[in-house]
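Structure, as structure tokens:
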Protein chains: 2
Amino acid sequence: MDIDKIIATLYVLPEPSKAALIATAKQVTYPKGYILLKADRIEKNIYFIKKGVVRAYSDAPGGQVTFWFGVEGAPVLSMKSYITGEKSYENIELLEDCEFFELNIASLKALYEKDIHLANWGRKLAEHELVKTEERLIAMQFKTAQERYMDLIGSQPALLLRVQLGYIASYLGMSQVSLSRIRAGLK
Amino acid sequence: MDIDKIIATLYVLPEPSKAALIATAKQVTYPKGYILLKADRIEKNIYFIKKGVVRAYSDAPGGQVTFWFGVEGAPVLSMKSYITGEKSYENIELLEDCEFFELNIASLKALYEKDIHLANWGRKLAEHELVKTEERLIAMQFKTAQERYMDLIGSQPALLLRVQLGYIASYLGMSQVSLSRIRAGLK
DNA sequence: TGTGTTTTTTAACATTTGTAAAAAGCTAAA
DNA sequence: TTTAGCTTTTTACAAATGTTAAAAAACACA
């Protein structure tokens, strides 16, 4: 997936603004297993996935909790670090070899202050994530584990083939045993 | 709470931008029980709470699900309607007599396109909500019902005195019976 | 104060989900 | 092919939470 397309998904930019944004981006590659963002760090960069799958997780008392997957085209960033400048609570682990577009947060914020089109692009970036996060929160509150699994099959069937079930279960807010039970029940 | 303070909480605006924003706002008052926003409608306005408490809920198969409370200073809007222009899935009910600042979404978006400071203010509005929503999502995924209740006591103790427990229980993703059990257990 | 309404708590039971451990399945390297 | 390691499913049991209904408490107001 190329950067023009990723950028335009959020908000169509005039040519000079787009050029300014792309000028700050550089392409990077990391292998499967690499930890791209680390918790307790203040991140300096955000990424967009050109190729690959990643997961976001936090370390909790009972073990790791996976709360987000990113596939081609997705923005990869610690929202907390990006937005508040505070330490991140999430780790981003590469589940496949990945290629990213890397953007420096400070440069990006400087652009937001200078270029109104980019400020609106940055607004759309946050708004886009907000709608998705809110939908998931509501699903967690009033759907059963089985419904959440069915929803995922409907909306991201490919993800199930690329990510191991333990991570999917955590993402859906259930134990791996529960997910296995649901899968067995559907046969 | 006055509108200057509410606006500045998100992003400090230069005087002319602030004046332009305030010029589009009008003050409105509605009684307890009034439904400010309705599901399945495309909303034309967003609000900020000058005084009062509101809740956002959706109608689900098993009954209403309360997924948000707003108190003084909070933005009140259907994120879906505001962001995507699609029909809202939420209702906003006033739990007390309320006063709001009302802003027209179309006017607001026009300002975003013309004024870079307001575009950045709009970005902060979305980013602010995003961080809060993400924190709640993660809590839903890996905290127990009791921990979620304790967190709420810690972060919004006043809310418990203004909102009936059935709504709080729904907001925390548990039945009212569970919430009663937790409260009994803490004594 | 007394009465009717709403809210909260309690009780009993059913269901869901979790935990831990074992079994089965799969993959890749020797 | 065999082995070792990792993932997924299954089993048995425990804990948490839900549902329904009823009792108790709190509240509103004539």
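In the text below, chain A, chain B and the rest are named by the order of the sequence lines, each starting its count at 1.
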* To do: Could you tell me the separation between the CG atom of L172(B) and the C1' atom of dG18(D), rounded to a whole number of Å?
  => 16 Å
* To do: Name all residues meeting the side-chain hydrogen bond (donor to acceptor under 3.5 Å, both in side chains) criterion together with E99(B); count only those two or more places apart in sequence or in a different chain, and write none if there are none.
  => none
* Asked: Roughly, in whole Å, what's the span from NZ in K143(A) to P in dT17(C)?
  -> 15 Å
* Give the rounded distance in Å between these two atoms: CD of Q146(B) and C1' of dG18(C). => 17 Å
* Between R181(B) (CZ) and dA11(C) (P), how many Å, whole number? -> 11 Å
* Structure fact -> Regarding the side chain of V177(A), the nearest nucleotide among dG18(C), dT19(D), dT10(D) is dT10(D)
* Please state how far atom OH in Y149(A) lies from atom C1' in dT17(C), giving the value in whole angstrom units. => 17 Å
* To do: Take atom CD1 of I182(B) and atom P of dG18(D), then tell me their distance rounded to the nearest Å.
  => 9 Å
Please output the side-chain donor-acceptor pairs of residues 1-12 of chain A that fall under 3.5 Å, not counting sequence neighbours, one pair per line with the distance.
{"unit_1": "D2(A)", "atom_1": "OD1", "unit_2": "K5(A)", "atom_2": "N", "d": "3.2"}
{"unit_1": "D4(A)", "atom_1": "OD2", "unit_2": "K18(A)", "atom_2": "NZ", "d": "2.8"}
{"unit_1": "T9(A)", "atom_1": "OG1", "unit_2": "K5(A)", "atom_2": "O", "d": "2.7"}
{"unit_1": "Y11(A)", "atom_1": "OH", "unit_2": "E113(B)", "atom_2": "OE1", "d": "3.0"}
{"unit_1": "Y11(A)", "atom_1": "OH", "unit_2": "E113(B)", "atom_2": "OE2", "d": "3.1"}

Look for any protein N or O under 3.5 Å of an N or O in nucleotides 6-8 of chain D and output each such pair with its distance, or none.
{"unit_1": "dT7(D)", "atom_1": "OP1", "unit_2": "Q164(A)", "atom_2": "OE1", "d": "3.0"}
{"unit_1": "dT7(D)", "atom_1": "OP1", "unit_2": "Q164(A)", "atom_2": "NE2", "d": "3.4"}
{"unit_1": "dT8(D)", "atom_1": "OP1", "unit_2": "L165(A)", "atom_2": "N", "d": "3.2"}
{"unit_1": "dT8(D)", "atom_1": "OP2", "unit_2": "L165(A)", "atom_2": "N", "d": "3.0"}

* **Atom pair distance, as rounded to whole Å: CE in M174(B) and P in dT19(D)** => 13 Å
* Look at the rings of Y47(A) and F100(A) and say which category their plane angle falls in: under 30° parallel, 30 to 60° tilted, over 60° perpendicular. => perpendicular
* Would you say a side-chain N or O of S175(B) is under 4.0 Å from OP1 or OP2 of dG18(D)? -> yes
* Write out all pairs satisfying salt bridge (Lys or Arg N to Asp or Glu O under 4.0 Å) with one or both partners inside residues 136-156 of chain A, taking only residues at least two apart or from two chains. => K143(A)-D151(A)
* Sequence neighbours left out, what passes ring-ring contact (aromatic ring centres under 6.0 Å, His included) with F101(B)? Give chain and number order. => none
* To do: Could you check R162(B), K51(B), R55(B) and say which one makes a salt bridge (charged side-chain N to carboxylate O under 4.0 Å, His left out) with E96(B)?
  => R162(B)
* Do the ring planes of F48(B) and W121(B) sit parallel (below 30°), tilted (30 to 60°) or perpendicular (above 60°)? -> tilted
* To do: Would you check, one step at a time, whether the test ring pair (Phe, Tyr, Trp, His ring centres under 6.0 Å) holds for Y171(B) with F69(B)?
  => CA-CA 8 Å; Y171(B) 173 81; F69(B) 295 107; 5.0 Å; yes
* Structure fact -> Separation of dG18(D) atom P from L179(B) atom CG, nearest Å, is 10 Å
* **Positive for side-chain contact (heavy atoms from CB on, under 4.5 Å) with L36(B), one of V28(B), I92(B), N91(B)** => I92(B)
* Five pairs at each end of the helix from dT1(C)-dA30(D) to dA30(C)-dT1(D): take the axis at both ends and give me the angle between them to 10°. => 40°
